[in-house]
Amino acid sequence: MDERDNVAIVANDGGLPAGTVFACGLALRDRVPQGHKVALADLPVGSAVRRYGVTIGVAESDIAAGSWVHERLLRMPEARSLDGLPVATARTQPLPPLDGHVFDGYRNADGTVGTRNLLAISSTVQCVTGVIDYAVRRIREELLPRFPNVDDVVSLEHAYGCGVAIDAPDAPVPIRTLRNLALNPNFGGEVMVVSLGCEKLQPERLMPAGTIPIADLRGDAQLDVVCLQDDAHVGFESMIESILRSAERHLERLNARRREPCPASDLVVGVQCGGSDAFSGLTANPAVGHMTDLLVRAGATVMFSEVTEVRDAIDQLTARAATPEVAAALVEQMAWYDAYLARGGVDRSANTTPGNKKGGLSNIVEKAMGSIVKSGSAPVAGVLAPGQRLGEAGAPRKGLVFAATPASDFVCGTLQMAAGMNLHVFTTGRGTPYGLAAVPVVKVATRNDLARRWHDLMDVNAGRIASGEATIEDVGRELFELLLEVASGRRETWAERWKLHNSLALFNPAPVT
């Protein structure tokens with residue numbers, strides 16, 4: 001990966017047996033699985049093991065050239081101090097603008113653009129989830145056929161709203177996440193809420209006056225709430241009928257919307273990786289990084305995330321910060337994570353999963369170096385706190401943005417949705433059926449073998465980079481063009497076709513009581 005590296009990974013499907021001799025004369029002393037590291041030179045005990053040009057570990061014993069280098073042979077280096085970091089020091093030549101790229105999207109009155117036309121039903125508390133699920137089935141069967149321009153109806157379910165310390169210092173995080181989820185561009189400004197009635201998170205707290213810009217522009221400032229405990233409801237069927245009547249009003253407005261040409265600058269793309277392996281930083285993530293640069297050049301917004309997976313690359317990110325204030329905001333999020341680990345009595349080594357290790361990633365340092373390349377090379381224009389929405393008071397609006405989230409796939413996806421993304425790109429090496437009901441997810445395989453086996457789950461095969469059939473730039477451009485097609489509704493992702501999605505997951509940074 002870098003001329004300073006003293007390890008490389010085996011790219012061959014199935015790995016390579018002991019005794020294999022490479023063109024350079026290096027002979028394998030051990031069988032090395034695919035994606036795992038081999039020592040390119042003798043590594044004495046205590047020496048630095050380098051990949052991506054950085055130290056990913058320290059040899060715990062002598063490692064001979066040609067040996068399999070795995071996590072049991074390495075000691076993870078200490079995390080970089082958050083003091084004395086380079087701040088806005090990376091000075092790269094600005095890339096030329098990329099004009100002329102458009103997609104067909106749904107314009108919203110608040111200036112955002114949707115890539116899908118969906119009715120979303122929000123809830124104030126988990127107690128009403130079963131009722132909403134039943135109502136959603138009825139809406140799909142009885143109402144949606146009458147509104148052909150509406151793509152679907154989705155429930156923004158969650159496990160929050162009651163039985164929690166609703167006034168705790170960090171309670172604004174899950175509450176603003178739920179509020180901003182309802183304002184995602186793919187919902188067309190139609191905010192519909194189902195409440196139980198007795199919960200701590202009352203509708204007026206979830207959606208205070210003035211937080212629904214579309215309603216004000218429509219002249220209808222009344223928050224649309226169906227409260228199940230209202231005296232007017234006599235029996236279960238009357239609750240369902242109330243929800244259906246409310247949904248019908250929203251569907252009528254959504255059905256009147258039409259796609260129209262929009263510049264690529266209206267795209268808000270979230271990028272994420274899950275089920276990562278050692279190929280992630282070699283194929284899929286660099287290709288996504290090239291795609292990110294193309295999108296930023298086109299004026300679009302790209303969000304990368306996962307505090308846990310960028311902590312060990314913080315010096316690279318603060319150097320790329322557009323301003324000292326952006327660098328300080330990055331450090332603030334990393335400091336929160338450090339304090340969180342200290343409170344729990346654990347360290348950052350818990351991040352790498354058994355699947356990550358089976359795929360060749362020895363520790364979080366190596367994983368982080370492969371993760372951040374999704375962000376491309378543009379300056380980091382701003383930082384979003386968890387649950388914050390693009391353009392909110394003090395929040396960035398355009399360019400490359402770091403959206404602070406945990407690494408858990410669905411927590412990250414939920415928070416990027418709340419931030420306002422209208423498209424999602426997800427890379428995987430081990431494979432995951434990850435999907436979101438409200439936002440199209442383009443899945444990128446890091447390896448040829450995964451792309452072959454999961455041929456009807458992966459949208460793009462970046463493994464061709466490792467086998468020499470394509471370049472990083474080829475796949476990055478392919479992703480850029482695919483996003484325009486998916487955003488326009490002309491292409492359906494595999495996750496959309498199979499309707500694969502999991503529940504949304506809120507980030508609640510404080511213990512509940």
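Both backbone and side-chain heavy atoms feed into the values below; hydrogens, waters and symmetry mates do not. Index from 1, following the sequence.
- Closest heavy-atom contact between L479 and V288: CD1-CG2, 3.9 Å.
- Between A378 and L400, the shortest heavy-atom distance links the atoms O-CD2, 3.4 Å.
- For the atom pair NZ (K37) and CH2 (W68), the distance works out to 10.0 Å, reported to the nearest 0.5 Å.
- Contact annotation: the side chain of L384 never approaches that of S305 to less than 4.5 Å [non-hydrogen atoms, C-beta and beyond].
- When only modelled atom types and interatomic distance are considered, T115 and N422 share no side-chain donor-acceptor pair under 3.5 Å.
- Judged by distance alone, with hydrogens and angles left aside, the side-chain atoms of R491 form no donor-acceptor pair with the main-chain N or O of E485 at under 3.5 Å.
- Under the rule for a salt bridge (Lys or Arg N to Asp or Glu O under 4.0 Å), E469 has no partner lying at least two apart in sequence or in another chain.
- Atom CZ of R29 has 12 or fewer heavy atoms from other residues, nucleotides or ligands within 6.0 Å.
- In this structure, the side chain of N180 does not engage the main chain of G420 through any donor-acceptor pair within 3.5 Å.
- Between A64 and S67, the shortest heavy-atom distance links the atoms O-OG, 2.8 Å.
- C273 places none of its side-chain heavy atoms less than 4.5 Å from the side chain of T428.
- H424 is linked by a side chain to side chain donor-acceptor pair (under 3.5 Å) to Q272, Q416, Y434, counting only residues two or more places apart in sequence or in another chain.
- You'll find the side chain of F480 reaches within 4.5 Å of the side chain of L98, heavy atoms only.
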Show, in sequence, the C-alpha distance, side-chain angles and deciding distance for S61 and L73, and conclude whether the side-chain contact (heavy atoms from CB on, under 4.5 Å) test is met.
CA-CA 7 Å; S61 58; L73 299 179; 4.2 Å; yes
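- Side-chain atoms of R50 come within 3.5 Å of backbone atoms of R4 as a donor-acceptor pair (strictly under, hydrogens ignored).
- The closest donor-acceptor contact from the side chain of T405 to the backbone of E306 lies under 3.5 Å.
- S280 places no side-chain N or O within 3.5 Å of a backbone atom of S276 that could act as its donor or acceptor partner.
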Applying salt bridge (charged side-chain N to carboxylate O under 4.0 Å, His left out) to E366 and R51, what does each step give before you reach the verdict?
CA-CA 7 Å; E366 183 179 9; R51 189 177 180 219; 2.9 Å; yes
Result block: side-chain N/O donor-acceptor pairs under 3.5 angstrom for residues 330-338, not counting sequence neighbours:
| from | atom 1 | to | atom 2 | distance (Å) |
| --- | --- | --- | --- | --- |
| D338 | OD1 | R311 | NE | 3.0 |
| D338 | OD2 | R311 | NE | 3.3 |
| D338 | OD2 | R311 | NH2 | 3.1 |

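- When each of D277, N351, T352, T308 is checked for a side-chain hydrogen bond (donor to acceptor under 3.5 Å, both in side chains) with K367, only N351 meets the rule.
- With respect to the salt-bridge test (charged N to carboxylate O, under 4.0 angstrom), the residues R72 and E60 do not qualify.
- Among pairs with a residue in residues 346-356, those fulfilling salt bridge (charged side-chain N to carboxylate O under 4.0 Å, His left out) read D312-R348, at least two apart in sequence or across chains.
- Remark: side-chain polar atoms of T20 are paired, donor with acceptor, to backbone N or O of P17 under 3.5 angstrom.
- In this structure, CD on E309 lies 9.0 Å from SG on C412, to the nearest 0.5 angstrom.
- The shortest side-chain heavy-atom distance between N461 and T283 does not fall under the 4.5 Å cut-off.
- In terms of modelled atom types and a separation under 3.5 Å, the side chain of W454 and the main chain of P433 share no donor-acceptor contact.
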Hey, mind stepping through W494 and V441 against side-chain contact (heavy atoms from CB on, under 4.5 Å) and telling me if it holds?
CA-CA 8 Å; W494 283 113; V441 178; over 6 Å; no
Step by step, work out the side-chain hydrogen bond (donor to acceptor under 3.5 Å, both in side chains) result for D293 and S377.
CA-CA 7 Å; D293 285 344; S377 61; 2.8 Å; yes
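- Shortest non-hydrogen contact noted between A462 and V444 is CB-CG1, 3.9 Å.
- Heavy-atom minimum distance, G387 versus A418: O-CB, 4.4 Å.
- Within a 6.0 Å sphere centred on OH of Y340, other residues, nucleotides and ligands contribute 12 heavy atoms or fewer.
- Of the possible polar contacts, none joining the K374 side chain to the T292 backbone as a donor-acceptor pair under 3.5 Å is found.
- Under the 4.0 Å criterion applied to side-chain N and carboxylate O atoms, E71 and K357 are not assigned as salt-bridge partners.
- In this structure a side-chain-to-backbone donor-acceptor pair under 3.5 Å is missing from T55 to G57.
- Put simply, CG on L267 and NE2 on H101 are 11.5 Å apart, with the number rounded to the nearest 0.5 Å.
- Q34 has its side chain out of reach of N12: every pair of non-hydrogen atoms, C-beta onward, lies at least 4.5 Å apart.
- D449 CG to S467 OG: the interatomic distance, rounded to the nearest 0.5 Å, is 12.0 Å.
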Starting from the C-alpha separation in whole Å, work towards a yes-or-no answer on side-chain contact (heavy atoms from CB on, under 4.5 Å) for N186 and V439.
CA-CA 7 Å; N186 287 352; V439 177; 3.9 Å; yes
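- Judged purely by distance below 3.5 Å, without hydrogens or angles, the side chains of S362 and H70 never pair a donor atom with an acceptor atom.
- Residues forming a side chain to side chain donor-acceptor pair (under 3.5 Å) with R80 (at least two apart in sequence, or on another chain): D315.
- Ionic pairing of R176 and E392 is not present here: no N-O contact between side-chain nitrogen and carboxylate oxygen is shorter than 4.0 angstrom.
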Before you tell me yes or no, could you show the steps for M303 and V268 under side-chain contact (heavy atoms from CB on, under 4.5 Å), namely the whole-Å CA-CA distance, both residues' side-chain angles and the distance that decides it to 0.1 Å?
CA-CA 8 Å; M303 291 182 286; V268 180; 3.9 Å; yes
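- Heavy-atom contacts from other residues, nucleotides or ligands closer than 6.0 Å to CZ of R397 number 12 or fewer.
- Here the CG atom belonging to L423 is positioned 12.0 Å from the OG1 atom belonging to T301, to the nearest 0.5 angstrom.
- Here the CD-CD1 distance, from E473 to I465, works out to 8.5 Å after rounding to the nearest 0.5 Å.
- Inter-residue side-chain proximity for V383 and Q388 is flagged as unmet; no heavy-atom pair is nearer than 4.5 Å.
- Side chain to side chain, N508 and D170 fail the donor-acceptor criterion of an N or O pair below 3.5 Å.
- Listed by chain and residue number, D13 satisfy the side chain to side chain donor-acceptor pair (under 3.5 Å) test with R452 (two or more places apart in sequence, or in another chain).
- Judged by distance alone, with hydrogens and angles left aside, the side-chain atoms of R297 form a donor-acceptor pair with the main-chain N or O of P96 at under 3.5 Å.
- Contact annotation: the side chain of L85 never approaches that of L317 to less than 4.5 Å [non-hydrogen atoms, C-beta and beyond].
- Listed here is the closest heavy atom pair of E157 and S155: OE1-O, 2.6 Å.
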Hey, mind stepping through T446 and R430 against side-chain hydrogen bond (donor to acceptor under 3.5 Å, both in side chains) and telling me if it holds?
CA-CA 8 Å; T446 72; R430 305 301 298 166; over 6 Å; no
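- No side-chain heavy atom of L181 sits less than 4.5 Å from a side-chain heavy atom of F187.
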